[in-house]
Amino acid sequence: MAFTAKDVAALREKTGCGMMDCKKALEASSGNMDAAIDFLREKGLAAATKKAGRIAAEGVAFACLNEEGTVGVDIEVNAETDFVAKNADFQHFVKVCADTVIESNPADVEALLQCKASGSDQTVDAMLKDKILTIGENIKIRRFKRFEGVVAPYIHAAGKIGVLVKFDTSAEIAAKEEFKEYAKNIAMQIAAISPQYLDQKSVPADVVEHEKTILKEQIINDGKPAAIADKIVTGRLGKFFKEICLLDQAYVKDGDLSVQQYTEATAKELGGSISIVDYVRFEKGEGIEKREDNFAEEIASMVK
């Protein structure tokens, strides 16, 4: 079956693939459009497997709520370049993934991949492979966290950091603009200062003991008697907790208050009780070793 330039253009429109790839697909399928689409999908799946070894350390951290504001999600989806992270098609895929987590409540990323994507008949896995095919980069759904109840999302620097905070308060207080401003401030605090734990009770015992050992050695090395070192350690632990625990940290907008004191003051002002129950902070590419390419060498290798 013969095909024309219009067929190539139509196939490109349907798949988002390059013109030469579309032409080869039509040649391989004797001009049959459906077979050509299958050919490209098969090629795309092979390409996706090949690209899976490439480092995806860019992308976005994205946080959002459902329409009712009762369920929130924080998710990180990675791509290879910052350019793709700004692509509208990629950003839409991230939003679909977030909405799917909200609607389906999967246990982990593997379970999410098997879910039917929000607003689509495809699974998330099939949609992911399609995006790898059309966008041309390795894309990975790295992690997500889902909270139900009174939750507040915050996105910093167009997706560099995504934060989601869960609170315990009444529906009446949660609906007030003053609370929404407070919740945003807490999320911004978490984005800016990156606390490791919610409060002192959340810090594992081995972490505390390790810090005590270091502090005691520092004190003894400073010439203080070992007999009083333990007392000094207790005092210095307070500073340690203020650095790593959200509720103990100085509130960034008013250093005279801790986050806990700011929370209590807001609750008193609004006539009820407020507590921070949990939070999650994702920073795109955090902990991923980025590949460093020599762009000039790459171009030179392409034109040899």
Side-chain angles (χ1 to χ4, degrees), residues 59-66 69-77 94 98 101-102 142-204 207-208 211 236-288:
V60 295
F62 178 75
C64 67
L65 304 178
N66 63 349
T70 56
V71 183
V73 64
D74 192 11
I75 188 168
E76 179 185 359
V77 181
V94 175
V101 172
I102 287 174
R142 186 183 184 195
R143 51 186 175 173
F144 65 83
K145 186 73 174 180
R146 181 183 186 274
F147 291 145
E148 295 183 5
V150 180
V151 287
Y154 174 69
I155 301 171
H156 178 72
K160 179 181 179 182
I161 298 170
V163 173
L164 189 69
V165 194
K166 180 176 181 179
F167 301 90
D168 182 13
T169 192
S170 67
E172 181 183 0
I173 287 179
K176 294 182 177 181
E177 289 302 318
E178 294 89 344
F179 173 81
K180 293 177 182 178
E181 182 65 22
Y182 153 80
K184 180 181 178 182
N185 287 337
I186 294 299
M188 291 173 66
Q189 169 98 17
I190 293 166
I193 310 300
S194 188
Q196 297 176 47
Y197 304 98
L198 175 64
D199 53 22
Q200 295 184 25
K201 293 183 294 184
S202 305
V203 185
V207 173
V208 176
E211 187 65 19
R236 291 190 182 179
L237 266 180
K239 182 180 179 183
F240 172 67
F241 288 130
K242 286 180 181 179
E243 291 174 351
I244 67 170
C245 297
L246 173 63
L247 298 185
D248 292 309
Q249 285 181 345
Y251 174 45
V252 289
K253 289 189 174 182
D254 184 349
D256 292 333
L257 295 175
S258 67
V259 170
Q260 178 63 38
Q261 289 169 331
Y262 171 52
T263 299
E264 292 170 352
T266 303
K268 184 177 180 180
E269 178 186 336
L270 298 181
S273 65
I274 302 171
S275 61
I276 304 170
V277 178
D278 203 353
Y279 71 89
V280 62
R281 177 189 186 275
F282 291 153
E283 184 168 346
K284 71 169 183 178
E286 184 178 32
I288 300 176

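Treat the numbers as computed from the prediction; the structure is a model and nothing was measured. In this chain, numbering begins with 1 at the start of the sequence shown.
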If I compare all heavy atoms of [X] with all of [Y], which pair ends up nearest, and what's the gap?
X    : Y    : answer
G255 : A250 : O-CB, 4.2 Å
R142 : E283 : NH1-O, 4.5 Å
P153 : C64  : CB-N, 3.9 Å
Q249 : I193 : NE2-CG2, 3.2 Å

Find the distance between [atom1] ([X]) and [atom2] ([Y]) and round it off to the nearest 0.5 Å.
X    : Y    : atom1 : atom2 : result
Q200 : F240 : CD    : CZ    : 10.0 Å
I155 : D74  : CD1   : CG    : 8.5 Å
E172 : L270 : CD    : CG    : 9.5 Å
S202 : L246 : OG    : CG    : 9.5 Å
Y154 : N185 : OH    : CG    : 10.0 Å
L164 : F147 : CG    : CZ    : 5.5 Å

Is there a side-chain contact (heavy atoms from CB on, under 4.5 Å) between F241 and D199? Walk through the geometry before answering. CA-CA 8 Å; F241 288 130; D199 53 22; over 6 Å; no
4.5 Å side-chain heavy-atom contact, [X] and [Y]:
X    : Y    : value
I190 : V165 : yes
V259 : D248 : no
C245 : V203 : yes
Y197 : P195 : no
K160 : E286 : no
E264 : K268 : no

If the threshold is 4.0 Å, N to carboxylate O, is there a salt bridge linking R281 and E76? no
Between E177 and K180, does any NZ, NE, NH1 or NH2 come within less than 4.0 Å of an OD or OE carboxylate oxygen? yes
When the ring centroid of Y262 is compared with that of Y182, is the distance short of 6.0 Å? yes
Between F282 and F144, does the ring centroid distance fall short of 6.0 Å? no
Within a radius of less than 6.0 Å around NZ of K242, do more than 12 heavy atoms belonging to other residues, nucleotides or ligands occur? no
Would you say CD of E178 has more than 12 non-hydrogen atoms from neighbouring residues, nucleotides or ligands within 6.0 angstrom? yes
Under a 3.5 Å distance rule, please check whether E211 uses its side chain to pair with a backbone N or O of V208 as donor and acceptor. no
Keeping T169 on the side-chain end and A174 on the backbone end, is there a donor-acceptor pair under 3.5 Å? no
Can you list the steps and then say if V277 with F167 is a side-chain contact (heavy atoms from CB on, under 4.5 Å)? CA-CA 5 Å; V277 178; F167 301 90; 5.7 Å; no
In sequence, state the C-alpha distance, the side-chain angles, and the governing distance for S275 and D168, and then conclude on side-chain contact (heavy atoms from CB on, under 4.5 Å). CA-CA 5 Å; S275 61; D168 182 13; 3.2 Å; yes
For E148, all residues meeting salt bridge (Lys or Arg N to Asp or Glu O under 4.0 Å), sequence neighbours excluded: R146
side-chain contact (heavy atoms from CB on, under 4.5 Å), paired with K166, selected from V280, I276, V151: V151
Hey, mind stepping through Q189 and K184 against side-chain contact (heavy atoms from CB on, under 4.5 Å) and telling me if it holds? CA-CA 9 Å; Q189 169 98 17; K184 180 181 178 182; over 6 Å; no
